[in-house]
Trainee: 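Below you'll find the structure I mean.
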Amino acid sequence: QTLGIENIEVIIVNDQTQDNSMEIINEYASKYPSFKIITNDVNKGLGESRNAGLENVTSDYVTFVDSDDFISLNTLKDSLCKISESNADLLIYNIKTYTGSEFIEEESVHNQNFSENLLVDDINSYPKLFFSTSACNKVYHRNLFPLIKFSKGLYEDNVVTCNVLLNARNIYLSKDSDYFYRKNPESITKKVSKDNLFYLCNVISDLFKLNNENVDLLALNFINDVLFWIYYYDWSVDDEILFVEKLQSSIRIIGENDIDSLCQLFPDKNVYREDILSLSKFDSQTFLA
């Protein structure tokens, strides 16, 4: 980083890694006093590991970088300059999906990048920001730290990110640095299992509890995702009934206007309109039939 390693507090959380990562990390830690290593006593997963790292932050700002990702060389210096100039307590920079080669995927619903620098003081004027749910590609001021409490399990950053967005005073959108998310086909988030469906339903329920119309659209998007998983993958009928019951217990009544708003935000998105509207009208077996 162009900011200089002596100006960066680097906190490494060892979540009981089984490879030789710690040999590499210990080598760096022996060279640079700004490195700090936190070791979990058992494997706790991504969310609780983030929490453990955050508890040891002594600086005024924090950002998260997952173990297989990287950031552009100017990211920290450029972000701090922009934060200082704008008095922002949250900065969001671009995120690009990186496959390990030079190929970078196009933007997606959850990957909205910026072509201009912009200071936002009313988050509800930019509803697409709520779909930028990654805990990474963001720099948080200390006054937001109490809101950053990640849950156990999968999709740990969605509710946290939305809560931070709703409570940040000023948000700076930066076009001048990049977070490179390495796409791994073997990633736990790419293998759809029963846990994926149950955890995402829990996220949907928690998002509705934030009582914000724009956050509700993100929840609606996830409802559509759960339905896709039910339809696309080969489950037993008993499992499908269980999934629909879990989804039905996680949602509130959804109307045509809600779906229209999601489609206006993302006109190219395929939405199971009639199916979503039917979720609250039928029991799980009738819905599947």
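Hydrogens, waters and symmetry mates play no part in the numbers below; they use all other heavy atoms, side chains included.
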Trainee: Tell me if the centroids of the rings in F70 and F180 come within less than 6.0 Å of each other.
Mentor: yes
Trainee: Please, which pairs that meet salt bridge (charged side-chain N to carboxylate O under 4.0 Å, His left out) have at least one residue in residues 7-29, sequence neighbours excluded?
Mentor: E9-K36, E27-K31
Trainee: Indicate yes or no for a side-chain donor-acceptor contact from T63 to the backbone of V139 under 3.5 Å, with no hydrogens or angles considered.
Mentor: no
Trainee: Please round to the nearest 0.5 Å and tell me the distance separating atom CD1 of I95 and atom CZ of F114.
Mentor: 10.0 Å
Trainee: Quick one: list whatever passes salt bridge (Lys or Arg N to Asp or Glu O under 4.0 Å) with D225, sequence neighbours left out.
Mentor: none
Trainee: Is there a path of hydrophobic side-chain contacts, each under 4.5 Å between heavy atoms of I, L, V, M, F, W or Y residues, that connects I38 with V42?
Mentor: no
Trainee: Salt bridge check: are R142 and D89 linked by an N-O gap of less than 4.0 Å?
Mentor: no
Trainee: R273: which residues meet the side-chain hydrogen bond (donor to acceptor under 3.5 Å, both in side chains) condition with it, sequence neighbours left out?
Mentor: E256, D260
Trainee: Y140 side chain to A135 main-chain N or O, any donor-acceptor pair under 3.5 Å?
Mentor: yes
Trainee: Run the ring-ring contact (aromatic ring centres under 6.0 Å, His included) test against Y231 and tell me which residues pass, sequence neighbours left out.
Mentor: Y272
Trainee: State which residues pass ring-ring contact (aromatic ring centres under 6.0 Å, His included) with F228; sequence neighbours excluded, sorted by chain then number.
Mentor: Y232
Trainee: Ignoring hydrogens and geometry, is there a side-chain-to-backbone donor-acceptor pair from Q16 to N40 under 3.5 Å?
Mentor: yes
Trainee: Does the side chain of D69 reach to within under 4.5 Å of the side chain of Y179, using non-hydrogen atoms?
Mentor: yes
Trainee: Rounded to the nearest 0.5 Å, what separation is found between the CG atom of L265 and the CG atom of L220?
Mentor: 10.5 Å
Trainee: What is the ring orientation for Y28 with F35, classed by angle as parallel under 30°, tilted 30 to 60°, or perpendicular over 60°?
Mentor: parallel
Trainee: For S284, give me all partners under side-chain hydrogen bond (donor to acceptor under 3.5 Å, both in side chains), at least two apart in sequence or on another chain.
Mentor: E245
Trainee: Using the salt bridge (charged side-chain N to carboxylate O under 4.0 Å, His left out) rule, collect all pairs that involve residues 108-132, keeping only residues at least two apart or in two chains.
Mentor: none
Trainee: Could you tell me whether D258 and R252 have a side-chain N and a carboxylate O separated by less than 4.0 Å?
Mentor: yes
Trainee: Would you please name every residue forming a salt bridge (Lys or Arg N to Asp or Glu O under 4.0 Å) with D239, sequence neighbours left out?
Mentor: K194
Trainee: Checking Y61 now: which residues fulfil ring-ring contact (aromatic ring centres under 6.0 Å, His included) with it, not counting sequence neighbours?
Mentor: H141
Trainee: Only one of L91, L119, N117, L129 passes side-chain contact (heavy atoms from CB on, under 4.5 Å) with L173; say which it is.
Mentor: L129
Trainee: According to salt bridge (charged side-chain N to carboxylate O under 4.0 Å, His left out), does anything in residues 153-165 pair up with another residue at least two apart or in another chain? List the pairs.
Mentor: R50-E156
Trainee: Sequence neighbours left out, what passes ring-ring contact (aromatic ring centres under 6.0 Å, His included) with Y126? Give chain and number order.
Mentor: none
Trainee: What distance separates I12 CD1 from I25 CD1, expressed to the nearest 0.5 Å?
Mentor: 5.0 Å
Trainee: Assess whether a salt bridge exists between D66 and R182, defined as any Lys/Arg side-chain N lying under 4.0 Å from an Asp/Glu carboxylate O.
Mentor: no
Trainee: Could you measure the distance from the CG atom of L262 to the CG atom of N214? Nearest 0.5 Å is fine.
Mentor: 11.0 Å
Trainee: Anything under 3.5 Å between a donor and an acceptor, one on a side chain of residues 201-209, the other on a protein residue two or more places apart or in another chain? List them.
Mentor:
unit_1 : atom_1 : unit_2 : atom_2 : d
N202   : OD1    : K246   : NZ     : 2.8
N202   : ND2    : F198   : O      : 3.4

